[in-house]
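Just so it is clear: chains get the letters A, B, ... in the order the sequence lines come, proteins before strands, and each one is counted from 1.
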Protein chains: 2
Amino acid sequence: MHRVTIAEVAERAGVSTATVSRALSGGRPVSAEVTRRVRKAAAELGYAVNPIARALRNSRTDTVGMVVPSISNPFFTSLVESVEHALGRDGKELFLCDAQSDPVVEAKRLASLVSRNVDGIIVSPTHGTESASAVLETARRLPLVQLDRFVGGTSTDWVGVDDLAAMRLVLDHLHAAGARSVAFVGSLLTNSSTEQRLAGFRRRSAELDLKVGPDSVLLGDYSVEWGEAAAGKLIDAGEPPDAVVCADDLIALGVTRGCRARGVSVPGQLQVTGFDNIEFARLSDPALTTVDQPRERIAAEAVRLLAAAGKADAGEKQASAHIALVPELVVRQSTKPVG
Amino acid sequence: MHRVTIAEVAERAGVSTATVSRALSGGRPVSAEVTRRVRKAAAELGYAVNPIARALRNSRTDTVGMVVPSISNPFFTSLVESVEHALGRDGKELFLCDAQSDPVVEAKRLASLVSRNVDGIIVSPTHGTESASAVLETARRLPLVQLDRFVGGTSTDWVGVDDLAAMRLVLDHLHAAGARSVAFVGSLLTNSSTEQRLAGFRRRSAELDLKVGPDSVLLGDYSVEWGEAAAGKLIDAGEPPDAVVCADDLIALGVTRGCRARGVSVPGQLQVTGFDNIEFARLSDPALTTVDQPRERIAAEAVRLLAAAGKADAGEKQASAHIALVPELVVRQSTKPVG
DNA sequence: GTGAAAGCGCTAACAT
DNA sequence: ATGTTAGCGCTTTCAC
């Protein structure tokens, strides 16, 4: 139950601890013969570096921290998987934290990651304004990339999807599928995703001359329950729209349920679209037409930015990058087929 | 961009570094006056302990590692949430790792957690046999609790659900709901969950004199796709059973879809049950009758065992505990109402 | 109750 | 190419 240290390897190989360090991890030249002896000794003893000692010495941990708003939201877990893929290629590990949709918890997690000397942080902020101070403060101390969502003063790197382009795809499709009046169901405007998507929705629906009734923009939260409630409001108010555009798939699944509960057929009487393309979007009935986020690409860009920031770190802050990737529309059965 | 150290706090408070350490974290007595001065100095400087230095010194990290088979399985993410709750109460943090359903990745993650000196590990092994060596090896070095699933030689602590009791609940319900022939759809017998559940299924169906056809036990993996395929096999073979018992909710959702695709009504012609009670079990149509796992309780027990093992660690290994909690049946619309 | 000093395991200067 | 040594920031004897 005793941990093998570098000193024991050194003794066994008949060299100094410095040489062991260099032979195993160092960039510095060590003779082939010695390297071989050291490797052998290390293997025999079952030596593994102590990352804690190394981190204390190097102030580098080869670990990236990630904070997501909610680990139970399938979109974020799929994003986590993609980030792990991308980091794996660089030999880095991921320290994942759940903010539990609470900016206070989020701030704690960020502080904890900083104090643990992670090499960089990937965060999708829970709240558009309340998360701002913690995120910006963290960004002053460490390389930080915002993913998907972002907070107010966008002075940090960000990677996400082009929400405006996404809404163009969605509305163009609905227009082609015969919709003439549309509604939008999102979360309260406390995060950038809904904000951007709503802006895109308004702009494109105006351009296409799609009617948006006065009570046709409903904001709640990212949940099935809210989608269900929103569908109720739209239908019970009379004159429901031809189509409902949702800010994420969970909401869209709820809207679909709400419609069914009230005997409104989807897509027959009312078309529904989602956003994110989570697995259940494909599995629900009717399968959801939605916007597919290029997760792997998003994750890869984020990891790249983080690595770049880590290197440039010495040479003071460089200009921050905002990378908006263009998403794809996945057409399924919750919207009408287009000629 | 400079990190405040204990030395600076000491200087400002006019005391030694040892005193600062004792005043802030130590159990040792420090005069009230000095404590106050130290606290003040620390606050003014914005001091926060460096967990890495502390860990190197103490070989304790106040961090627990957790490894789950798949972070995209909603059951495991909900379990993670519960574990976080339980740990939060002890002021510990969670280092979460995804094994990507691969024993090789799992072994790497376990090794990494060990080398990072986490105080203990909670793991739900991906594989009943292939995970065994890594899990047992890890358990020799650190307090370790298996959650939900477990590997072969159960010489470590384990917390989960009483699968046999669960199957009794399920089959008793189906029997009361009029089913006379039943089938079972699970994953290959490479993990304890399916194994136990299948054993419980066989025993109770025999006791109740429920018919289990020769081709009525289908094993694949924990996925919607497999459930769908399995439903196809059962139906296409002719003489489908009255009810299909599934080893988890994802499979059950798939079976339901498969039935619908073939025009078999659920629960009219065929009843379906799941296991876990993930969120989508409630949301699917028809809503799924399933076994609810007492996640919070499972998590709390796991954390308690880990803490106990941590303390007892000095006094050599104590007997390991196997805690099987009794689950509840949640009756919804995928089974027929009972008188 | 408080201070001085050693040392956790590692790596980067600085020798040689 | 290799060895010697200092020190990352903290806690904990051991003195007083």
Side-chain angles (χ1 to χ4, degrees), chain A residues 1-39 41-42 45-63 111-112 114-119 141 314, chain B residues 1-39 41-42 45-63 111-112 114-119 141 314:
Chain A
M1 196 74 178
H2 153 77
R3 277 198 61 149
V4 182
T5 73
I6 208 170
E8 298 167 55
V9 178
E11 187 176 356
R12 181 165 191 120
V15 295
S16 75
T17 60
T19 300
V20 174
S21 173
R22 291 192 274 251
L24 294 180
S25 45
R28 291 289 254 278
V30 176
S31 77
E33 159 61 9
V34 171
T35 303
R36 209 190 45 71
R37 281 217 317 272
V38 169
R39 286 247 169 77
L45 266 41
Y47 170 79
V49 307
N50 181 336
I52 297 186
R54 175 180 278 178
L56 181 59
R57 176 65 227 229
N58 288 347
S59 33
R60 229 173 25 78
T61 51
D62 290 324
T63 301
S112 156
V114 170
S115 78
R116 276 159 194 281
N117 271 11
V118 294
D119 299 344
R141 303 175 166 280
Chain B
M1 197 75 177
H2 153 77
R3 276 199 62 152
V4 182
T5 73
I6 208 170
E8 296 167 56
V9 178
E11 186 177 358
R12 180 160 190 129
V15 295
S16 74
T17 60
T19 300
V20 173
S21 173
R22 290 194 272 250
L24 293 180
S25 45
R28 290 293 250 280
V30 177
S31 78
E33 159 60 9
V34 170
T35 303
R36 209 189 47 70
R37 280 215 320 270
V38 170
R39 287 246 168 75
L45 266 43
Y47 170 77
V49 311
N50 181 335
I52 296 187
R54 174 180 279 176
L56 180 59
R57 177 62 227 232
N58 288 346
S59 36
R60 229 174 24 78
T61 51
D62 290 325
T63 300
S112 157
V114 170
S115 77
R116 274 160 195 280
N117 271 11
V118 293
D119 299 344
R141 304 174 165 280

Across all chains, not counting sequence neighbours, the side chain to side chain donor-acceptor pair (under 3.5 Å) partners of A:Asn58 are none
Salt bridge (charged side-chain N to carboxylate O under 4.0 Å, His left out) involving B:Arg39 - partner list, sequence neighbours excluded: none
In residues 30-37 of chain B, which ones come under 4.0 Å of DNA chain D, going by heavy atoms? none
Could you tabulate the donor-acceptor pairs under 3.5 Å formed by side-chain atoms of residues 46-57 of chain A, not counting sequence neighbours?
unit_1  : atom_1 : unit_2  : atom_2 : d
A:Asn50 : OD1    : A:Ile52 : N      : 2.8
A:Asn50 : OD1    : A:Ala53 : N      : 3.3
A:Arg54 : NH2    : A:Ser25 : OG     : 3.3

Divergence of helical axes at both termini of the helix from C:dG1-D:dC16 to C:dT16-D:dA1 - five pairs an end, 10° steps: 40°
Tell me the interatomic distance from A:Arg60, atom CZ, to C:dG9, atom P, rounded to whole angstroms. 20 Å
Between A:Glu8 and A:Val4, the two heavy atoms sitting closest are OE2-CA, 3.9 Å
Once rounded to the nearest 0.5 Å, what's the spacing between atom CG of A:Asp119 and atom OG1 of A:Thr61? 4.0 Å
For B:Arg28, the side chain to side chain donor-acceptor pair (under 3.5 Å) test, sequence neighbours excluded, returns none
Nearest-0.5 Å distance that lies between atom CZ in B:Arg37 and atom OG in B:Ser31: 7.5 Å
Do any side-chain atoms of residues 14-22 of chain A form donor-acceptor pairs under 3.5 angstrom with protein atoms, and if so which ones, sequence neighbours left out?
unit_1  : atom_1 : unit_2  : atom_2 : d
A:Ser16 : OG     : A:Ala18 : N      : 3.4
A:Ser16 : OG     : A:Thr19 : N      : 3.3
A:Ser16 : OG     : A:Thr19 : OG1    : 3.2

For a 4.0 angstrom threshold against heavy atoms of chain B, report the outermost contacting nucleotides of DNA chain D in 5' to 3' order. D:dG9 to D:dT13
Output one letter per nucleotide in nucleotides 10-16 of chain C: B when a protein non-hydrogen atom lies under 4.0 Å from the base, S when only the sugar-phosphate is that close, - when neither is. BBBB---
Could you pull out all residues at least two apart from B:Thr63 that satisfy side chain to side chain donor-acceptor pair (under 3.5 Å)? A:Arg116
Applying side-chain contact (heavy atoms from CB on, under 4.5 Å) to A:Thr5 and A:Arg3, what does each step give before you reach the verdict? CA-CA 6 Å; A:Thr5 73; A:Arg3 277 198 61 149; 5.6 Å; no
With B:Ser59 via side chain to side chain contact (heavy atoms under 4.5 Å, CB included) - residues at least two apart: B:Asn117
